[in-house]
Protein chains: 2
Amino acid sequence: MENAGEGSAEEGTVRMAGAQTLVRGLEVLTAVAHGPRKLPDLSEALGLTRSTTHRLATNLVELRFLNFTPRVGYSLGPKLLELGHLASRQMNLPRVAHDYLVQLSQQTGDTVHLGIRDADRALYLDKVQGSRRIEISSRIGERQPLRSTGIGKALLLDDSEQSLRQIYEDETRAFPGYRVGEAEWLERMHQYQKSGYAFDLEENEDRIRCVAAPIRDAGANIIGSISVSGAAQYMDDARMKLLIDQVIGTAGAISSEFGWASNTRP
Amino acid sequence: MENAGEGSAEEGTVRMAGAQTLVRGLEVLTAVAHGPRKLPDLSEALGLTRSTTHRLATNLVELRFLNFTPRVGYSLGPKLLELGHLASRQMNLPRVAHDYLVQLSQQTGDTVHLGIRDADRALYLDKVQGSRRIEISSRIGERQPLRSTGIGKALLLDDSEQSLRQIYEDETRAFPGYRVGEAEWLERMHQYQKSGYAFDLEENEDRIRCVAAPIRDAGANIIGSISVSGAAQYMDDARMKLLIDQVIGTAGAISSEFGWASNTRP
DNA sequence: TTACGAGTCCCAATTTGTGAGACTATGGCG
DNA sequence: CGCCATAGTCTCACAAATTGGGACTCGTAA
């Protein structure tokens, strides 16, 4: 009852339901994505004849999905810029992320949060309650400090040293009494930045620990973050270590909905 | 020598060389661009049967060019974000614009410039000499003031009142002796902002007048500008008025290479 | 000049896409 | 509580659209 039983994801070219021409055309598109290509390169890369490739490419050019520059090759066209931009307007993080959050919550049994950066605070956009009987005192729409929450720290993973200092000091002014000193905090943040995740070790709320990771868009910019939070009794160091992969994995899956591809290099 | 003689751009569905399925699929894509659509809407809008539309859409979803949300409809997918982003990396203004500049220069007989904003100055990236025997003392790579050049003013057409004042005052400090007063200048800029073009009335260089217009990207941001410059003797008010449409037209054509679509509304 | 590579075009064979409609699932309404 | 309406999914026989071999045209390099 599955569609196309032999769905072994070989290498891009999976067998699909009746739209060969469309699929091939779009494959041309993605083949060109990695840099301008000439017709023979394309036809070889896709395993198509020159005729077919040419017809496809010509149509894509006429519809402005590709540019053609004689003696240079085909490159991505304006229509993709246009659609890409419109796509980013249509996406919205909470809607796209929600299902992933639910799934992560079920896998871990813990409460999962989604947040974005709102000026100099972390703004909580979604919360999926875990199965354990622990209440976490966060609410959707609430703004929390960046420096002491998992969500917040994950949002800072691309910030410069200077920017981090700035934030730490601003928040110290606004909320005194944070128990991690500046040097120590910066040290930890550097570690998190290298590793691609962040912890909250009962810093923001007593007895609550979190594992968090950033969500990125097509430009690799951090557009949000997720965290798994639990009572310290369930969150010993060993378990937090285990959660890292799951949290990064889920964040990565959401990121790829926003066009992020781990192999995007300038 | 033209491509496709009968190119009356009726309404999306133009007849083209052998790739119906591809074209239809891409039409589905652009139909979804204007907001999430349900299957029946799509099939009616494109004049296709439900079956066909569904097959196309399904394939687009599998390739991540579309998202499907039950009970909501189809929306643009992550792959478009990804390709849009890559496309913007492949584009570069001078290369894309050059041919348009040459064409505009030939049409008008005047010298045409291309510039971008570089911090608080206008940076000249390209210059196409006109047919008249007039030397204009600009050079590619040169940085000029924003407030007194056509190129510069066109770059400011989206700036706020506050930002304009700031720039005027900064440049007054750097280059005293500009003959247009602040109030007058702001007044003119407001007029230009409303109209979508800008003049340089011998402000930057004696006896030289320009007509300029901005180039926009998919997000409607101003990414550069072009200007037609000529000796004042050839550039009376009447001729400048006539040039406006040509300059705006050329700027618009370049803009559309960058995914700008005049009908892009939030 | 010849040779070559890249792009363009043509046409018969047939693979592939098409559309009518049956079928399923889901939510709203009487 | 069950029935209708709506949205989406799937199948199949037919025919239309796509395919690819190869010929043709440029323009550049040798």
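Proteins come first, then strands; the chains are lettered A, B, ... in the order of their sequence lines, and each starts at number 1.
Residues passing the salt bridge (charged side-chain N to carboxylate O under 4.0 Å, His left out) test with A:Arg132 are A:Asp110, sequence neighbours excluded. Listed by chain and number, the residues in a side chain to side chain contact (heavy atoms under 4.5 Å, CB included) with B:Ser131 amount to none (sequence neighbours excluded). Under the side-chain hydrogen bond (donor to acceptor under 3.5 Å, both in side chains) criterion, B:Gln106 pairs with no residue, sequence neighbours left out. Every residue meeting the salt bridge (charged side-chain N to carboxylate O under 4.0 Å, His left out) condition with B:Arg64, not counting sequence neighbours, appears here in chain and number order: B:Glu82. The salt bridge (charged side-chain N to carboxylate O under 4.0 Å, His left out) check on B:Arg24 picks up nothing, with sequence neighbours excluded. With sequence neighbours left out, the side-chain hydrogen bond (donor to acceptor under 3.5 Å, both in side chains) criterion links A:Asp99 to no other residue. Residues passing the salt bridge (charged side-chain N to carboxylate O under 4.0 Å, His left out) test with B:Asp118, sequence neighbours excluded: B:Arg143.
The nearest whole Å value for the distance from the CD atom in A:Glu44 to the P atom in C:dA6 is 11 Å. Taking atom CG on B:Leu48 and atom C1' on C:dG17, their separation rounds to 12 Å, with Å as the unit. The distance between atom CZ of A:Arg55 and atom C1' of C:dG17, rounded to the nearest whole Å, is 14 Å. Going from atom CG of A:Asn59 over to atom P of D:dT18 covers 8 Å, rounded to whole Å.
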Report, one pair per line, the protein and nucleotides 14-17 of chain D atoms (nitrogen or oxygen only) whose separation is under 3.5 Å.
| from | atom 1 | to | atom 2 | distance (Å) |
| --- | --- | --- | --- | --- |
| D:dA17 | OP1 | B:Gln20 | NE2 | 3.2 |

Short N/O separations, protein against nucleotides 3-9 of chain D, under 3.5 angstrom:
| from | atom 1 | to | atom 2 | distance (Å) |
| --- | --- | --- | --- | --- |
| D:dG8 | OP2 | B:Leu39 | N | 3.1 |
| D:dT9 | OP2 | B:His54 | NE2 | 2.7 |
| D:dT9 | O5' | B:His54 | NE2 | 3.4 |

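The shortest non-hydrogen separation linking A:Ile140 to A:Leu125 is CG2-O, 3.3 Å. Between B:Ser256 and A:Pro78, the shortest heavy-atom distance links the atoms O-CB, 3.1 Å.
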Side-chain donor-acceptor pairs of residues 242-253 of chain A under 3.5 Å, sequence neighbours excluded:
| from | atom 1 | to | atom 2 | distance (Å) |
| --- | --- | --- | --- | --- |
| A:Thr250 | OG1 | A:Gln246 | O | 3.0 |

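Residues in residues 212-228 of chain B take part in these salt bridge (charged side-chain N to carboxylate O under 4.0 Å, His left out) pairs, two or more places apart or across chains: B:Asp158-B:Arg216.
Two end axes, each from the C1' atoms of five base pairs, can be drawn for the helix from C:dT1-D:dA30 to C:dG30-D:dC1; they diverge by 30°, to 10 degrees.
Regarding contacts with the backbone of C:dT18, every side-chain N or O of B:Thr49 stays at 4.0 angstrom or more from both OP1 and OP2.
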